[in-house]
Protein chains: 2
Amino acid sequence: MNKALRQRAILDLLRQGPIANQDELQRALRKRGFKVGQATLSRDIRDLQLSKTASGYAFPQGESATAALPPVSRLVREFVLDVRPAGNLLVIKTIVGSAQPVAAALDEEEWPETVGTVAGDDTILIVCPDKQGARKLGRRMEEMLK
Amino acid sequence: MNKALRQRAILDLLRQGPIANQDELQRALRKRGFKVGQATLSRDIRDLQLSKTASGYAFPQGESATAALPPVSRLVREFVLDVRPAGNLLVIKTIVGSAQPVAAALDEEEWPETVGTVAGDDTILIVCPDKQGARKLGRRMEEMLK
DNA sequence: ATTCATAATGAATAACTATTCATTATCATG
DNA sequence: CATGATAATGAATAGTTATTCATTATGAAT
């Protein structure tokens with residue numbers, strides 16, 4: 001039950017390459033650890049306002065799919081447990097299994113302080129350019145935790 | 001068996017308003033005199049590169065549907081039997097039943113010499129600004145007849 | 001006109017997608 | 001922690017679309 005992450009993953013998959021149908025989408029998502037039924041995918045596709053073309057699912061005009069998506073702050077609040085700067089690194093703890101997709105979402109934000117990210121099962125490491133960057137990013141994420 | 005006219009009509013219908021599915025498209029086309037099966041519509045939609053969105057069929061990016069369409073010259077060659085200037089009018093004879101859609105296609109060209117068009121069952125009247133315009137347009141269409 | 005090749009089409013059906021209905025999770029509040 | 005409201009989900013199924021397999025039309029070339 002993590003619609004938010006799943007829908008982000010769907011958009012991500014779409015950027016990677018063409019998805020011909022919901023069956024294919026289902027299999028691709030399963031590889032990423034999302035196990036859902038076809039009905040749910042049909043709903044996701046409606047939510048994201050995707051359209052089906054001869055060559056697979058496509059984004060709507062003007063990248064408005066991103067708009068239909070919950071903001072990262074909501075993801076952080078929902079899945080992140082702890083944030084700790086450590087030198088020029090930021091160590092983020094998430095509920096188990098969510099580190100990977102949350103990291104992907106953070107990546108997409110393209111914050112200037114993120115040089116790179118690595119994600120395990122329940123831990124994300126964000127590499128920042130320097131100690132100051134890590135602290136700044138840390139504060140921003142603490143803020144999101146409400 | 002007049003794919004060319006039918007596909008033009010489909011695009012025209014799409015401009016008029018939303019078409020939710022092929023059943024609806026089939027009924028709308030029938031009103032215009034095109035009687036075809038669902039299978040054919042599925043093929044037309046592929047040909048025209050339309051995509052299906054939550055709010056019905058939509059044009060592809062960049063109006064490229066027009067590109068997938070045969071040029072007017074082909075329509076004229078196929079459906080027009082005779083062209084005769086008469087003062088500032090151009091009288092066009094078509095095979096029976098095609099005047100209406102052919103006139104629609106000619107209209108869309110927005111030639112400067114066409115002030116307006118009226119179409120019956122097998123006859124199109126194109127009103128031109130003057131005698132010269134009618135003759136010029138007449139020559140252009142004769143040309144299309146090969 | 002006959003023949004041949006190609007294109008267009010429909011009926012039947014396979015494939016795919018959306019919805020309904022019931023169930024389960026989540027969350028706020030007493 | 002119960003309870004009720006709301007959201008998310010899946011199984012079954014209804015609805016929709018794509019494809020297959022014949023068949024028919026069209027046009028070119030004898």
Side-chain angles (χ1 to χ4, degrees), chain A residues 1-10 13-14 18-30 33-58 60 68-70 74-75 77-81 95-98 101 145-146, chain B residues 1-10 13-14 18-30 33-58 60 68-70 73-81 95-98 101 145-146:
Chain A
M1 199 162 269
N2 42 11
K3 190 158 75 138
L5 291 180
R6 186 184 60 242
Q7 294 192 346
R8 274 177 182 275
I10 290 174
L13 285 168
L14 244 54
I19 303 281
N21 52 43
Q22 298 181 5
D23 217 51
E24 191 176 324
L25 179 56
Q26 188 173 42
R27 282 194 296 272
L29 283 172
R30 181 160 312 185
F34 296 98
K35 184 168 149 296
V36 282
Q38 173 268 326
T40 295
L41 297 184
S42 173
R43 293 170 184 128
D44 284 343
I45 284 165
R46 169 165 42 65
D47 289 354
L48 296 170
Q49 301 169 231
L50 302 179
S51 64
K52 192 186 184 186
T53 74
S55 52
Y57 286 101
L69 223 46
R74 183 152 131 27
L75 290 186
R77 191 144 27 83
E78 191 166 354
F79 299 103
V80 171
L81 301 177
I95 64 180
V96 304
S98 311
L145 291 177
K146 198 171 68 58
Chain B
M1 200 162 269
N2 42 10
K3 191 158 75 138
L5 292 179
R6 185 184 61 243
Q7 294 192 346
R8 275 178 181 273
I10 290 173
L13 285 168
L14 244 56
I19 302 281
N21 53 42
Q22 297 181 4
D23 218 51
E24 191 176 324
L25 179 57
Q26 188 173 41
R27 282 193 297 272
L29 283 172
R30 182 159 312 185
F34 296 97
K35 183 168 150 297
V36 283
Q38 174 269 325
T40 295
L41 297 184
S42 173
R43 293 171 184 128
D44 284 343
I45 285 165
R46 169 165 43 66
D47 290 352
L48 296 170
Q49 300 169 232
L50 301 179
S51 64
K52 192 185 184 186
T53 73
S55 51
Y57 286 101
L69 225 45
S73 58
R74 184 152 131 27
L75 290 187
V76 171
R77 192 143 29 81
E78 191 165 353
F79 298 104
V80 171
L81 302 178
I95 64 179
V96 304
S98 311
L145 291 177
K146 198 171 70 59

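In what follows, chains carry the letters A, B, and so on, assigned in the order in which the sequence lines appear, proteins first and then strands, with residues in each chain numbered from 1.
One interatomic measurement links the two molecules: CG of A:L25 to P of C:dA18, which rounds to 12 Å at whole-angstrom precision. When the P atom of C:dT17 is taken as reference, atom OH of B:Y57 falls 12 Å away, rounded to whole Å. Atom-to-atom, CZ of B:R46 to P of C:dA7 comes out at 13 Å; the value is rounded to the nearest Å. One interatomic measurement links the two molecules: CG of A:L41 to P of C:dA18, which rounds to 10 Å at whole-angstrom precision. The distance between atom CD of A:E24 and atom C1' of C:dA15, rounded to the nearest whole Å, is 14 Å. The CD atom of A:Q49 sits 18 Å away from the C1' atom of C:dT17 (whole-angstrom rounding). Taking atom CD1 on A:I10 and atom C1' on C:dT17, their separation rounds to 14 Å, with Å as the unit. As rounded to whole Å, 12 Å separates atom C1' of C:dC16 from atom CZ of A:R27.
In this view, B:S42 and B:Q22, B:Q38 satisfy the side-chain contact (heavy atoms from CB on, under 4.5 Å) rule, not counting sequence neighbours. Judged as a side-chain contact (heavy atoms from CB on, under 4.5 Å), and not counting sequence neighbours, the contacts of A:R46 are A:R43. In this structure, the salt bridge (Lys or Arg N to Asp or Glu O under 4.0 Å) partners of A:E78, at least two apart in sequence or on a different chain, are A:R74. For A:K52, the side-chain contact (heavy atoms from CB on, under 4.5 Å) criterion is met by A:Y57, not counting sequence neighbours. Applying the side chain to side chain donor-acceptor pair (under 3.5 Å) rule to B:N21 yields no partners; only residues at least two apart in sequence or on another chain are considered. In terms of the side-chain contact (heavy atoms from CB on, under 4.5 Å) criterion, residue partners of B:A28 (sequence neighbours excluded) are, by chain and number, B:L13.
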task: With side chain to side chain contact (heavy atoms under 4.5 Å, CB included) as the test, would you mind laying out the steps for A:L48 and A:L14 before giving the verdict?
output: CA-CA 12 Å; A:L48 296 170; A:L14 244 54; over 6 Å; no
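Sorted by first and then second residue, the pairs that involve residues 1-10 of chain B and meet salt bridge (Lys or Arg N to Asp or Glu O under 4.0 Å), not counting sequence neighbours, are B:K3-B:D47, B:R6-B:D44, B:R8-B:E108.
Recorded end-axis angle for the helix from C:dA1-D:dT30 to C:dG30-D:dC1 stands at 30°, based on five pairs per end and rounded to 10 degrees.
In the 5' to 3' direction, nucleotides of DNA chain D lying under 4.0 Å from heavy atoms of chain A begin and end at D:dA8 to D:dA11.
Each of C:dA12, C:dT19, C:dA18 was ranked by its minimum atom distance to the side chain of A:Q22; first place goes to C:dA18.
Atom CD1 of B:I19 and atom CD1 of B:I10 lie 9.0 Å apart (nearest 0.5 Å).
Nearest-nucleotide assignment on DNA chain C puts the 5′-proximal partner with A:K52, out of A:E78 and A:K52.
Contact check, A:S42 against C:dA18: a side-chain N or O comes under 4.0 Å of OP1 or OP2.
Among the protein residues, B:N2 comes within range of the sugar-phosphate backbone only, with heavy atoms under 4.0 Å from sugar or phosphate atoms but none that close to a base.
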